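Structure record follows, encoded as structure tokens.
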2 protein chains.
Amino acid sequence: MLTEKEKRAFQDYLTQEGLKFSLQRMKIFETVLAGLKHLTANEIYKNVQKKYPGIGYATIYRTLRLLCDAGFCTELKCEDGACRYEQAFVNAHHDHLICTKCGRFVEVVDPQIERLQIRLFKINGFLPQRHRMELYGVCKQCRK
Amino acid sequence: MLTEKEKRAFQDYLTQEGLKFSLQRMKIFETVLAGLKHLTANEIYKNVQKKYPGIGYATIYRTLRLLCDAGFCTELKCEDGACRYEQAFVNAHHDHLICTKCGRFVEVVDPQIERLQIRLFKINGFLPQRHRMELYGVCKQCRK
DNA sequence: CTAAATATTGATAATGAGTATCAATATTAT
DNA sequence: ATAATATTGATACTCATTATCAATATTTAG
Ligand SMILES: [Mn+2]
Ligand SMILES: [Mn+2]
Ligand SMILES: [Zn+2]
Ligand SMILES: [Zn+2]
């Protein structure tokens, strides 16, 4: 699931930025990119620990910040108060449908909505930067 | 800015729910409904203190929760990690354009977007409950 | 290949928002 | 008025995240 090309891109980024390579950084990068999506920092911590016990909490947070800054990963501030992370290497921008019963995330993009959002920015004299749209409801499985 | 009718609605709500009237509750209600919008709990705390020194932090949080449950007020989980509150007595649902330079909030509703959101729920087998849409950009003033 | 320069790490203390606890006090019903 | 009950403020606590710092690892220069 994680290609050599992606690993190299990460190493190149570190070099470009004058940062040093470390095994913990690579393990976190691998976990975030190859693993499940929409994980909290704590879930990522537990995942990385399986492969690399002894890793510190602080390193998880530091590296997640690094990955977000580098654009390999995006942060999603959730309603439960925690942040969830998902790889942004392959996946481009998308929004989320979230089940309020089971927490399921469904990724969606509606080009019409995206266009109307730009129009809203324009109408109100804003220079568009980014947006966040979350649709909360009950998924099919949870209604049975 | 705060009418007798609104005050009475609050008192009626308390009675209906078997809750008791208190001066601190009324002061907080007045501040949230009459004051600025999109304030954090701490900002509301400081505002209420001007009129009612000695009020406790816990009472602010408790009453904000009460006001949200009652539908007088809505909570907006912001990117800076804090919640912001705004009265919902007059104002119905709306979304926000937020300036990333100055923090200005502009309230918007786009009926077309709202319709497309419902369609997205349907397409994905979700029972719609609510949504949140925030558009981040740079406002006209901040681009000068 | 060393050794110096520099960045990273993990442990842990600190922060900040929000919640839980509890005895003192206020409101309401009788 | 009195008893029953809810609310309050102080404060301890939780939870996610950030800051600090000495020990360690990586990189660079010689
Ligand atoms: Mn996603
Ligand atoms: Mn608003
Ligand atoms: Zn579900
Ligand atoms: Zn602005």
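Not measured: the values here are computed from a predicted model. Naming convention: chains lettered A, B, ... in sequence-line order (proteins, then strands); numbering from 1 in each chain.
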- Query: So, for B:Cys139 and A:Phe126, which heavy atoms are closest and what is the spacing to 0.1 Å?
  - Reply: CB-CZ, 3.6 Å
- Task: Using the test ring pair (Phe, Tyr, Trp, His ring centres under 6.0 Å), find all partners of B:Phe10 that sit at least two apart in sequence or belong to another chain.
- Result: B:Phe29, B:Phe72
- Which pairs with one or both residues in residues 39-60 of chain B pass salt bridge (charged side-chain N to carboxylate O under 4.0 Å, His left out), sequence neighbours excluded? B:Glu43-B:Arg84
Please list, for nucleotides 2-4 of chain C, all pairs of protein and nucleotide N/O atoms separated by less than 3.5 Å.
none

- side chain to side chain contact (heavy atoms under 4.5 Å, CB included) partners for B:Cys68, two or more places apart: B:Cys73, B:Glu75, B:Tyr85
Mind listing the N/O atom pairs, protein and nucleotides 15-17 of chain C, below 3.5 Å?
none

- Query: A:Ala58 or A:Leu66: which one's nearest nucleotide on DNA chain C is closer to the 5' end?
  - Reply: A:Leu66
- Which atoms form the tightest heavy-atom contact between A:Val108 and B:Asn124, and what is the distance? CG1-ND2, 3.7 Å
- Message: On a heavy-atom basis, which atom in A:Cys102 and which in A:Cys99 lie closest, and how many Å separate them?
- Response: N-SG, 3.4 Å
- Message: What is the first contacted nucleotide of DNA chain D and what is the last, in 5' to 3' order, if contact means an atom lying under 4.0 angstrom from a heavy atom of chain B?
- Response: D:dT5 to D:dA10
- Message: For the residue pair A:Thr100 / B:Gln129, report whether a side-chain donor-acceptor contact shorter than 3.5 Å exists.
- Response: yes
- Looking only at non-hydrogen atoms, find the nearest pair between B:Ile98 and B:Gly103 and report the distance. CG2-O, 4.5 Å
- Message: If the threshold is 4.0 Å, N to carboxylate O, is there a salt bridge linking A:Arg130 and B:Glu134?
- Response: no
- Residue-level proximity of residues 5-25 of chain B to DNA chain C when a heavy atom falls under 4.0 Å: B:Lys20, B:Phe21
- Message: Applying ring pair (Phe, Tyr, Trp, His ring centres under 6.0 Å), can you list everything that pairs with A:His94, at least two apart in sequence or on another chain?
- Response: A:His96
- Item | Residues in contact with DNA chain D, drawn from residues 30-41 of chain A - heavy-atom cutoff 4.0 Å | A:Ala41
- Note on the structure: By ring pair (Phe, Tyr, Trp, His ring centres under 6.0 Å), A:Phe21 pairs with (sequence neighbours left out) none
- Check side chain to side chain contact (heavy atoms under 4.5 Å, CB included) between A:Glu114 and all other residues, then give those that pass, not counting sequence neighbours. A:His93, A:Asp95, A:Val109, A:Gln117, A:His131
- Task: Please round to 10 degrees the angle between the axis of the first five pairs and the axis of the last five pairs in the helix from C:dC1-D:dG30 to C:dT30-D:dA1.
- Result: 30°
- Query: Would you say the side-chain atoms of A:Arg62 and A:Thr59 include a donor-acceptor pair closer than 3.5 Å?
  - Reply: yes
